[in-house]
Amino acid sequence: EAQVTQNPRYLITVTGKKLTVTCSQNMNHEYMSWYRQDPGLGLRQIYYSMNVEVTDKGDVPEGYKVSRKEKRNFPLILESPSPNQTSLYFCASSLTSNQPQHFGDGTRLSIL
Amino acid sequence: QKEVEQDPGPLSVPEGAIVSLNCTYSNSAFQYFMWYRQYSRKGPELLMYTYSSGNKEDGRFTAQVDKSSKYISLFIRDSQPSDSATYLCAMIERTGGFKTIFGAGTRLFVKA
């Protein structure tokens, strides 16, 4: 089954404790992206990757890091999480950047 | 002003009604247009994808794009309680590369 898998689905943690949200896709997609979804603001892009070893900032990259060492994986790293990063996060992928994206089921992060 | 404007609702209709969901946009560089459906605790899933003005039909769903008015619509015929979800419009613009911009979403409730 074609899918985008995120882990964990839920996480409650404390300010400053580094965390990583993993994302994996099995569709051989070149383009991958991370979004955060907040009430009234919709989906905002954090980082994206056009292909292996090619990443770039989206609209709200501050406080986040990403890497793309393999085509299928695109982890999101919060080096020093803060409460304003409490949100619902989605990983997405598509064959190319001008194609509709497939989304994972989301990771709900709460930073206390 | 946001690039993509979408009424957040909520929109409540009786089962069997025709539903009309709309988005307006200001950027003439948008080339591709999509509608996603998002159920609670799930990621957005693609419903419709089009790149030209006019109508595209898929079962009970019709997507309409009017590039001259910068306006897109999604019509749902014979609405069902299972259609209750948040509907996101999305548009892809070409700016060097390609970038997807999402509306904030409209919450729809279909009452049995």
Side-chain angles (χ1 to χ4, degrees), chain A residues 1-10 21 23-25 27 29-51 54-61 76 87-109, chain B residues 1-10 21-25 27 29-52 56 58 61 63 65 72 74 85-107:
Chain A
E1 180 188 353
Q3 58 186 5
V4 178
T5 303
Q6 296 178 228
N7 279 297
R9 293 290 314 278
Y10 304 91
V21 184
C23 174
S24 181
Q25 50 94 5
M27 295 167 280
H29 285 169
E30 290 186 350
Y31 185 83
M32 296 188 74
S33 185
W34 275 102
Y35 295 87
R36 59 179 290 173
Q37 188 176 41
D38 301 289
L41 298 177
L43 286 161
R44 294 180 293 166
Q45 192 178 53
I46 302 171
Y47 268 94
Y48 65 94
S49 171
M50 300 289 282
N51 213 325
V54 181
T55 63
D56 209 344
K57 297 177 180 179
D59 297 315
V60 288
L76 178 70
S87 186
L88 179 58
Y89 291 85
F90 288 101
C91 180
S93 72
S94 57
L95 195 58
T96 56
S97 58
N98 65 338
Q99 294 288 312
Q101 294 173 58
H102 297 254
F103 283 81
D105 280 337
T107 296
R108 185 166 290 282
L109 283 183
Chain B
Q1 183 186 4
K2 295 180 183 177
E3 284 190 274
V4 178
E5 297 280 357
Q6 184 174 9
D7 188 332
L21 304 167
N22 310 297
C23 286
T24 58
Y25 62 95
N27 186 347
F30 287 135
Q31 295 187 344
Y32 306 91
F33 304 89
M34 297 157 287
W35 285 95
Y36 286 83
R37 178 176 62 197
Q38 184 177 15
Y39 290 116
S40 180
R41 298 187 179 86
K42 301 288 279 185
E45 58 177 326
L46 181 69
L47 278 178
M48 303 288 281
Y49 171 58
T50 184
Y51 53 85
S52 59
K56 181 177 181 179
D58 184 359
F61 299 92
V65 175
I72 69 171
L74 178 71
T86 296
Y87 290 80
L88 307 168
C89 63
M91 308 176 188
I92 300 177
E93 66 172 340
R94 181 163 194 162
T95 54
F98 293 93
K99 181 178 179 180
T100 303
I101 307 293
F102 290 86
T106 300
R107 291 196 70 188

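Chain letters run A, B, ... following the sequence lines, proteins first, then strands; residues in each count from 1. No hydrogens, no waters, no symmetry mates; every other heavy atom, side chains included, goes into these values.
- Ring pair F102(B)/Y36(B) is tilted by interplanar angle, where 30° to 60° counts as tilted.
- Residues Y47(A) and D56(A) approach most closely at CD2-O, 3.1 Å, considering heavy atoms.
- Residues satisfying the ring-ring contact (aromatic ring centres under 6.0 Å, His included) test with F30(B), not counting sequence neighbours, are Y25(B).
- For Y87(B), the ring-ring contact (aromatic ring centres under 6.0 Å, His included) test picks out no residue, with sequence neighbours left out.
- For Y10(A), the part lying under 4.5 angstrom from a heavy atom of chain B is the side chain only.
- With chain B as partner, the option from L43(A), T96(A), D105(A) having the largest number of non-hydrogen pairs under 4.5 angstrom is D105(A).
- Contacts of D59(A) with chain B are made by side-chain atoms alone, with heavy-atom separations under 4.5 Å and no backbone atom involved.
- When each of G42(A), S97(A), G40(A) is scored by its heavy-atom pairs under 4.5 Å with chain B, the top score falls to S97(A).
- Comparing A104(B), G103(B), P8(B), G105(B) by heavy-atom pairs within less than 4.5 Å of chain A, the highest count is held by A104(B).
- Between the side chains of Y48(A) and Q101(A), no donor N or O sits under 3.5 Å from an acceptor N or O.
- Highest contact tally toward chain A, considering only Q38(B), E93(B), R94(B), is held by Q38(B) [criterion: heavy-atom pairs under 4.5 Å].
- Here Q37(A) is the residue among H102(A), Q45(A), Q37(A), R44(A) with the most heavy-atom pairs under 4.5 Å with chain B.
- Using a 4.0 Å cut-off between a side-chain N of Lys or Arg and a carboxylate O of Asp or Glu, K56(B) and D58(B) do not qualify as a salt bridge.
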